[in-house]
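Let me begin by presenting the structure, written as structure tokens, before commenting on it.
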2 protein chains.
Amino acid sequence: MVKKANNIKELAEKLKLSPTTVSRVLNGKSKTFRISSVTSQKVFDGAREYNYSPNRIARGLKLEKTETLGLIIPDIANPYFGSIAKTIEVEAHKRGYSIILGDSLEEVSTEAELLKLLTGRKADGIIIAPAGKKSRHIVEAEQQGIPLVVIDRFLPDTNLPYITTNNYAGALMAMEHLIEMGHRNIACIQGINGISANTDRVQGYCDALRKKGIAINDHYILGNDFGELNGYNQTRKILKMHHPPTAIFALSNLISLGILRALKEEGLKVPDDMSLVSFDEQPYSPFLACPMTTVEQPRNEIGKEAFELLLQIINDKNQENIISKKLMPKLIIRDSVKKFSISN
Amino acid sequence: MVKKANNIKELAEKLKLSPTTVSRVLNGKSKTFRISSVTSQKVFDGAREYNYSPNRIARGLKLEKTETLGLIIPDIANPYFGSIAKTIEVEAHKRGYSIILGDSLEEVSTEAELLKLLTGRKADGIIIAPAGKKSRHIVEAEQQGIPLVVIDRFLPDTNLPYITTNNYAGALMAMEHLIEMGHRNIACIQGINGISANTDRVQGYCDALRKKGIAINDHYILGNDFGELNGYNQTRKILKMHHPPTAIFALSNLISLGILRALKEEGLKVPDDMSLVSFDEQPYSPFLACPMTTVEQPRNEIGKEAFELLLQIINDKNQENIISKKLMPKLIIRDSVKKFSISN
DNA sequence: AAATTTTGCACAAACGATTGCGCCATTCAA
DNA sequence: TTGAATGGCGCAATCGTTTGTGCAAAATTT
């Protein structure tokens with residue numbers, strides 16, 4: 001059996017020192033408190049020998065900071081959020097922070113619970129990708145004084161700091177590509193209405209059409225969920241239209257999977273029977289039946305920037321230079337858009 | 001500004017009660033300590049009115065349990081682990097536990113750090129998908145007394161409790177399908193050698209061949225990583241072989257993506273030029289250029305069972321009925337295997 | 001040699017909860 | 001009327017850290 005010191009008092013006794021001294025040495029305050037280097041060394045050696053590591057709970061209680069960050073995500077199984085979570089965890093770990101992960105299941109009520117839990121657990125800060133439009137509970141949490149950064153979407157009517165993709169620009173790129181390829185009748189299957197990420201993308205969709213003098217057909221904008229099923233259902237609707245579009249702009253990776261499922265059921269091919277551009281590049285995008293043209297969001301940057309911003313809010317007294325950002329996405333052109341030489 | 005009680009003492013003062021009483025009421029011990037129902041009600045109302053929620057850090061310190069579970073995963077961006085993490089988080093949340101997430105980046109050293117961190121943070125238990133073959137640090141953590149469950153892989157030479165897929169059975173199914181379809185020369189691109197999940201799958205590969213009296217060609221078993229690049233590199237090797245196989249059995253979702261990339265570069269088609277079966281069903285599997293035949297692991301069950309098992313270890317004194325499990329996977333047959341009528 | 005400064009460390013009080021024990025008031029039994 | 005039993009709640013110690021303050025001993029100055 002290895003020798004073991006379970007707390008600072010035990011270690012102090014074995015070393016014939018006081019807990020005070022041990023604590024100070026281990027926290028790198030030897031100089032400040034004039035602990036002799038021989039004593040310091042004794043403490044370091046002892047800590048290793050007796051395999052002592054401080055109880056972070058007790059430490060957190062006393063210091064009133066836990067070096068813990070909350071991360072609330074609507075769906076951690078979605079690789080888009082998964083990779084954001086990854087970079088946040090990795091960055092946090094580098095800086096000594098741990099992540100408490102909460103999956104809100106896209107439900108505002110669960111999200112509110114998680115928020116309460118995290119404040120009860122005295123997280124030093126929270127990064128949240130909000131589940132819905134309602135944001136009162138988030139604003140309240142922030143007003144209780146907990147540093148908070150919003151990702152993926154921002155919340156209008158609040159001035160919570162955020163890091164998101166420039167969704168408007170992404171939609172613009174995608175649509176300009178479709179239009180250049182000769183498409184005029186383009187449907188847009190959207191996600192949750194009223195969420196900034198969605199609104200901005202739809203805005204980009206509309207503005208791109210407007211710029212080119214193409215009339216906006218309201219029936220072409222449909223759907224209300226970022227999930228696969230919505231993509232499937234809306235596509236079925238589209239295929240039954242009088243005057244169906246020649247292309248679909250999908251506002252999420254899951255939506256485009258649903259589109260593919262519906263098209264496949266009807267025996268339709270991309271891009272010959274239907275052109276497609278989707279938000280969210282994925283590792284499999286190049287290997288689909290028809291390699292897909294996508295808008296790639298800068299996931300890693302979102303994670304990094306969000307973490308840095310949160311850290312800044314935690315550490316800085318002057319909240320002057322807290323600056324939200326919309327990061328540029330990238331259009332990856334593949335084969336899922338058919339070239340139309342003649343206008344349809 | 002809302003009225004606010006930041007700790008139990010403040011709340012007690014406002015209610016003209018002692019912290020003792022408040023604590024007992026809020027912990028549902030009114031009966032046991034004969035707190036009158038009128039007092040109890042006063043406490044409940046007060047807690048709501050002053051928006052009091054107990055400091056879980058202080059609570060954790062005193063109670064010596066934090067209702068926090070550690071989850072260590074090699075790559076949270078991989079949807080396979082992502083969905084396991086999701087079910088674990090959701091189940092845990094239902095039972096009042098929070099999850100501290102750690103991404104080991106497939107590195108044993110990072111994994112060891114995370115393990116230390118979690119014990120320092122006094123997690124009540126840990127669920128870990130080990131990154132490598134080395135497991136000393138994991139065993140040590142468990143011997144320090146922290147409840148621990150291993151997922152995805154088990155660690156031979158230890159008797160740590162585990163929940164995994166029955167990888168042997170999964171490989172057997174996949175191979176039997178390939179053989180039934182007439183394939184005799186089947187390559188196997190494997191993941192990290194020496195890891196149980198990999199070893200078992202390779203064992204299934206070999207046994208399936210043996211059963212059918214097919215000689216095992218050592219050159220057909222190659223690779224040493226679960227990542228995309230390994231799939232790509234090994235496929236390039238395979239394509240240069242004297243006597244190339246007619247089918248590849250990929251031991252992970254990422255490996256099969258790498259295979260697809262290599263095949264695509266050479267202008268080869270699945271299944272006409274190469275048949276393919278892969279471990280790990282994915283949402284996109286049906287929509288690939290050739291809809292892929294896959295082995296689906298029971299991710300949700302793995303998550304649930306692992307959590308239940310951990311809870312059992314945490315709560316039960318008698319560790320008699322701690323029982324590890326290998327859960328059955330499912331073969332999903334699509335179009336990526338070509339039918340060979342004539343033997344090749 | 002006395003006074004002062006510096007060195008080197010320890011005492012004890014927090015942090016916010018939980019809990020063994022105790023104490024007073026009331027009710028009941030004798 | 002007294003003693004015992006019960007009802008209803010509070011005191012103070014404790015969990016493992018950190019830290020403001022304090023106090024000897026050694027070193028230095030006068």
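Values reported hereafter were calculated over all heavy atoms of this structure, with side chains retained and with hydrogens, waters and symmetry mates removed.
- Nearest nucleotide to the side chain of B/Asn7, out of D/dT17, C/dA17, C/dT18: C/dA17.
- With a 4.5 Å cut-off on side-chain heavy atoms, B/Asn321 and B/Gln312 count as touching.
- The shortest distance between the side-chain N/O atoms of A/Thr21 and the OP1/OP2 oxygens of C/dG8 is not below 4.0 Å.
- The nearest whole Å value for the distance from the CG atom in A/Leu61 to the C1' atom in D/dT17 is 8 Å.
- Spacing between atom NZ of A/Lys4 and atom P of D/dG16 amounts to 12 Å, rounded to whole angstrom units.
- Across D/dG10, D/dT17, C/dA10, the shortest atom-to-atom separation from the side chain of A/Thr20 is found for C/dA10.
- Salt-bridge check for A/Glu140 with A/Arg136: passed, with a basic side-chain N closer than 4.0 Å to an acidic carboxylate O.
- Separating the CD atom of B/Glu64 from the C1' atom of D/dT14 is a distance of 10 Å, rounded to the nearest angstrom.
- At C/dG16, none of the side-chain N or O atoms of B/Tyr52 fall inside 4.0 Å of OP1 or OP2 (strictly under the cut-off).
- Contact annotation: B/Arg56 side-chain N/O to C/dA17 OP1/OP2 distance is not under 4.0 Å.
- Within 4.0 Å of B/Arg59, counting heavy atoms only, lie sugar-phosphate atoms of the nucleic acid but no base atom.
- Rounded to an integer number of Å, the gap from CZ of A/Arg34 to C1' of D/dA27 is 13 Å.
- As a whole-Å value, the separation of B/Leu15 CG from D/dG8 C1' is 16 Å.
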Report task. Go through B/Arg299 and B/Thr165 one step at a time and tell me if the side-chain hydrogen bond (donor to acceptor under 3.5 Å, both in side chains) criterion holds. Result -> CA-CA 9 Å; B/Arg299 314 168 176 193; B/Thr165 300; over 6 Å; no
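- The separation between A/Leu17 atom CG and C/dA10 atom C1' is 10 Å, rounded to whole Å.
- At least one side-chain nitrogen or oxygen of B/Thr39 sits closer than 4.0 Å to the OP1 or OP2 atom of D/dC9.
- One interatomic measurement links the two molecules: NZ of B/Lys65 to P of D/dT14, which rounds to 22 Å at whole-angstrom precision.
- Between A/Lys86 and A/Glu89 there is no salt bridge, since no side-chain N of the basic residue sits under 4.0 Å from a carboxylate O of the acidic one.
- Using a cutoff of 4.0 Å between basic side-chain nitrogens and carboxylate oxygens, B/Lys65 and B/Asp124 are not scored as salt-bridged.
- Shown for residues 22-33 of chain B: residues whose heavy atoms fall under 4.0 angstrom of DNA chain D, namely B/Arg24, B/Phe33.
- Among the nucleotides C/dG16, D/dG10, C/dA17, the one closest to any side-chain atom of B/Pro54 is C/dA17.
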Report task. Walk me through it: do A/Glu305 and A/Ile151 pass the test side-chain contact (heavy atoms from CB on, under 4.5 Å)? Result -> CA-CA 10 Å; A/Glu305 297 263 6; A/Ile151 54 172; over 6 Å; no
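- At whole-Å resolution of the value, CG in B/Asn55 and P in D/dC15 are 18 Å apart.
- Nearest heavy atom pair, residue A/Val43 against residue A/Leu15, reads CA-CD1, 3.9 Å.
- Both B/Ile35 and A/Leu63 lie near DNA chain D, and the one whose nearest nucleotide falls closer to the 5' end is B/Ile35.
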